[in-house]
Amino acid sequence: MTIEIDKSSRLCSEEDFLFLTVGYMSCCRFIGFLLFSSLLASCASLSSSGVGRIRHYEITDEKLPPEFDSTVIAFISDIHYPSKFTRKRLGKVVHRLRCINPDIMLLGGDYVTSPVYMDELFDSLSSVNVGVGIYAVLGNHERSNAALVDSVANKYGIYMLNDEAVAVACGNSFIYLAGVRDSFKADSLTRSPSDCVSDDNFTLLLTHTPDYVQDVAAEAALALAGHTHGGQVSLFGLYTPVKNTHYGTRFLKGLNYTDKGVPVITTTGVGTSRKKVRFCVPSEIIVVTLRNNVK
């Protein structure tokens, strides 16, 4: 397997503003510049897409059937609608997802701040034209109303993965999407649903928290997760006070690997939780393109 990472459409991320010669700036001016850059990086509302960036990954795996070569997967998580993620931004994100034109769309949990917004959110997301379908898992914020989430998602054609692996067909070939219903519940922590699929198959594991993939020693070609928000607030990437993971910065955001070598992509999420603020941690849409390396 080979992975090309971070061919980002950086819509307002901090990296774009740091290519400069510090020697020609006073210390105060440099600090002010960093603060201004970070403010832009954190302010997803400045972007026409409703998020701070769109981050691209290309996954090449010999297990992927040739029929699935160039399959595009869009992944968002931790929407917490509305919070800082307003109705206006929701419309922008849906528009951007339509432009991405994914074959598969995956949702990583933590959808709304109140059940009254659930219909509006799922109705909007279901309007994205997806070739194969939209699949989702629950987050920790859905634990108290899981049955309602199932019902509303089903109404809008969104399939909630319930500790299972489903086959996605293209011709006579298949890949598998495995989803963890509650990645914090003991019943889910005994064995990953991805482990039920033969090692010969390409399996993508969807879970709310990245810790799960390491905790259960899951097997998968790729795992997608959220929950951490990338910390949501960070001091220029040097210090992140709140991580929402037991593994420190190991699975905080981006591409990382478990002890078994499973690649885990953790998104920084779309919305905000607890405090309606982001600093040095842009919100994002993840786009994964699958490649088969058989020539």
Side-chain angles (χ1 to χ4, degrees), residues 50-55 57 59 72-81 83 85 90 93-94 96-97 100 102 104-113 118 121-122 124-126 128 130 133-143 146 149-150 152-153 156 158-166 177-185 188 192-194 203-216 218 220 222-232 243-245 251-256 262-273 281-288:
V51 291
R53 65 186 176 191
I54 300 173
R55 200 165 195 185
Y57 296 83
I59 307 295
V72 174
I73 299 170
F75 172 53
I76 61 173
S77 186
D78 301 276
I79 303 169
H80 294 284
Y81 182 70
S83 66
F85 188 70
L90 174 59
V93 165
V94 168
R96 180 59 62 178
L97 288 168
I100 293 169
I104 300 170
M105 190 160 79
L106 301 178
L107 310 176
D110 281 4
Y111 299 111
V112 294
T113 57
M118 207 171 296
L121 175 65
F122 286 148
S124 295
L125 292 175
S126 68
V128 178
V130 180
I134 304 175
Y135 298 84
V137 294
L138 299 176
N140 54 296
H141 285 261
E142 284 81 51
R143 300 185 76 179
V149 178
D150 287 341
V152 177
Y156 294 104
I158 298 171
Y159 188 89
M160 298 297 299
L161 294 163
N162 186 11
D163 288 331
E164 61 184 317
V166 298
L177 300 178
V180 184
R181 181 171 180 79
D182 185 343
S183 51
F184 296 93
K185 191 176 180 181
S188 299
S192 170
S194 61
T203 303
L204 189 154
L205 175 62
L206 179 62
T207 175
H208 181 61
T209 173
D211 291 8
Y212 175 88
V213 191
Q214 172 69 20
D215 289 344
V216 302
L222 173 68
L224 298 178
H227 183 62
T228 67
H229 295 218
Q232 196 168 295
K243 301 179 181 65
N244 290 320
T245 167
F251 300 110
L252 184 62
K253 60 181 178 179
L255 173 66
N256 300 283
V262 174
V264 181
I265 297 173
T266 307
T267 178
T268 58
V270 173
T272 56
S273 181
V281 186
S283 57
E284 64 186 9
I285 296 172
I286 297 292
V287 179
V288 177

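Between F85 and V93, some side-chain heavy-atom pair lies under the 4.5 Å cut-off. Residues I73 and L204 have side chains in contact (heavy-atom distance under 4.5 Å, counting atoms from C-beta outward). Using a 4.5 Å heavy-atom threshold, the side chains of V72 and V288 count as separate. No side-chain heavy atom of V112 sits less than 4.5 Å from a side-chain heavy atom of I79. Residues F75 and L206 form a side-chain contact, since some pair of their non-hydrogen atoms from C-beta on lies under 4.5 Å apart. T228 places a side-chain heavy atom less than 4.5 Å from the side chain of P210. Between R53 and T268 the shortest side-chain heavy-atom distance falls below 4.5 Å. Using a 4.5 Å heavy-atom cutoff, the side chains of R143 and L138 are not in contact.
Residues that satisfy the side chain to side chain donor-acceptor pair (under 3.5 Å) test with T113, not counting sequence neighbours, are absent from this structure. Under the ring pair (Phe, Tyr, Trp, His ring centres under 6.0 Å) criterion, F251 pairs with Y247, not counting sequence neighbours. Residues passing the ring pair (Phe, Tyr, Trp, His ring centres under 6.0 Å) test with H80 are H141, H229, sequence neighbours excluded. Remark: N256 engages no residue in a side chain to side chain donor-acceptor pair (under 3.5 Å) (not counting sequence neighbours). Applying the ring pair (Phe, Tyr, Trp, His ring centres under 6.0 Å) test to Y111 and every residue at least two apart in sequence or in another chain returns F122. Residues passing the side-chain contact (heavy atoms from CB on, under 4.5 Å) test with A178 are A165, P193, S194, T203, L205, sequence neighbours excluded.
Each of L107, L161, L106 was checked for a side chain to side chain contact (heavy atoms under 4.5 Å, CB included) with V137, and the lone residue meeting it is L161. Only one option out of V213, L224, L255 pairs with V264 in a side chain to side chain contact (heavy atoms under 4.5 Å, CB included); it is V213.
Closest approach of M105 and L97 over heavy atoms only: SD-CD1, 3.8 Å. When all heavy atoms are compared, the tightest approach of G254 to R55 is CA-NH1, 4.0 Å. Listed here is the closest heavy atom pair of S77 and T267: CB-CG2, 3.7 Å. The minimum heavy-atom distance linking D110 with E142 is given by the pair N-OE1, 2.8 Å. Nearest approach of I286 to E284, heavy atoms of both residues: CD1-OE2, 3.5 Å. Considering all non-hydrogen atoms of both residues, A136 and I158 come closest at CB-CG2, 4.0 Å.
One distance of note links CG of D78 with OG1 of T266; it measures 10.5 Å at 0.5 Å rounding. Between Y135 atom OH and I104 atom CD1 the span is 7.0 Å, to the nearest 0.5 Å. In this structure, OG on S283 lies 11.0 Å from CD1 on I76, to the nearest 0.5 angstrom. Summarising the geometry, atom CZ belonging to R96 is positioned 4.5 Å from atom CD1 belonging to I54; distances are rounded to the nearest 0.5 Å. Between the CE atom of M160 and the CZ atom of R181 there is a distance of 6.5 Å, given to the nearest 0.5 Å. For the atom pair D182 CG and T207 OG1, the distance stands at 9.0 Å (nearest 0.5 Å).
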key: Pair K243-D211, salt bridge (Lys or Arg N to Asp or Glu O under 4.0 Å): steps then yes or no   = CA-CA 12 Å; K243 301 179 181 65; D211 291 8; over 6 Å; no
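Separation of the Y212 and H227 ring centroids does not fall under the 6.0 Å cut-off.
In this structure a side-chain-to-backbone donor-acceptor pair under 3.5 Å is missing from Q232 to T272.
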